[in-house]
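Have a look at the structure below before the remarks.
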Amino acid sequence: MNIREVLALNLRKLRQVKDLSQEELAHRADIDRTYISALERSLYAASIDVVDNLAQGLGVEAADLLKRPALSGNKRKARRPIRPSSKLL
């Protein structure tokens, strides 16, 4: 997942959790609604200033918009270490 996709995923998720429309977030962040829509679809790369404005509009830290999601399902389970059997000793 590239950084645009990470931003898009987090932006949409946080906006929905805060129960904000794209229009309301645009007003809070002083950004055009169509630009927010494009960011949520990974069409544009946002400047650091835009990321900061979006974060302030959402009431989160800018870093929260750029955090990669935790791996799920694809991650292999760690194997347990092999313990020597007492029968072999």
Evaluation steps, side-chain contact (heavy atoms from CB on, under 4.5 Å), between Leu25 and Leu54: CA-CA 7 Å; Leu25 179 56; Leu54 289 167; 4.1 Å; yes

Pair Val50-Leu39, side-chain contact (heavy atoms from CB on, under 4.5 Å): steps then yes or no: CA-CA 10 Å; Val50 168; Leu39 289 173; 4.1 Å; yes

Heavy-atom pair of closest approach, residues Leu65 and Val51: CD1-O, 3.6 Å

Set of residues satisfying side-chain hydrogen bond (donor to acceptor under 3.5 Å, both in side chains) with respect to Thr34, sequence neighbours excluded: Asp32

Sequence neighbours excluded - salt bridge (charged side-chain N to carboxylate O under 4.0 Å, His left out) pairs with any residue from residues 37-58: Arg12-Glu40, Arg15-Glu40

Point-to-point distance, once rounded to the nearest 0.5 Å, from OG of Ser21 to CD1 of Ile36: 8.5 Å

Leu58 vs Val17, side-chain contact (heavy atoms from CB on, under 4.5 Å): CA-CA, chis, key distance, verdict: CA-CA 10 Å; Leu58 289 165; Val17 165; over 6 Å; no

Partners meeting side-chain hydrogen bond (donor to acceptor under 3.5 Å, both in side chains) with Glu24 (sequence neighbours left out): Arg28

side-chain hydrogen bond (donor to acceptor under 3.5 Å, both in side chains) contacts in which one or both residues fall within residues 60-71, not counting sequence neighbours: Asp64-Lys67

Linked, directly or transitively: Leu7 and Met1 (ILVMFWY side chains, under 4.5 Å): yes

Any residue meeting side chain to side chain contact (heavy atoms under 4.5 Å, CB included) with Asn2, in chain and number order, not counting sequence neighbours: Arg4, Glu5

Sequence neighbours excluded, every pair satisfying ring-ring contact (aromatic ring centres under 6.0 Å, His included) that has a member inside residues 3-36: Tyr35-Tyr44

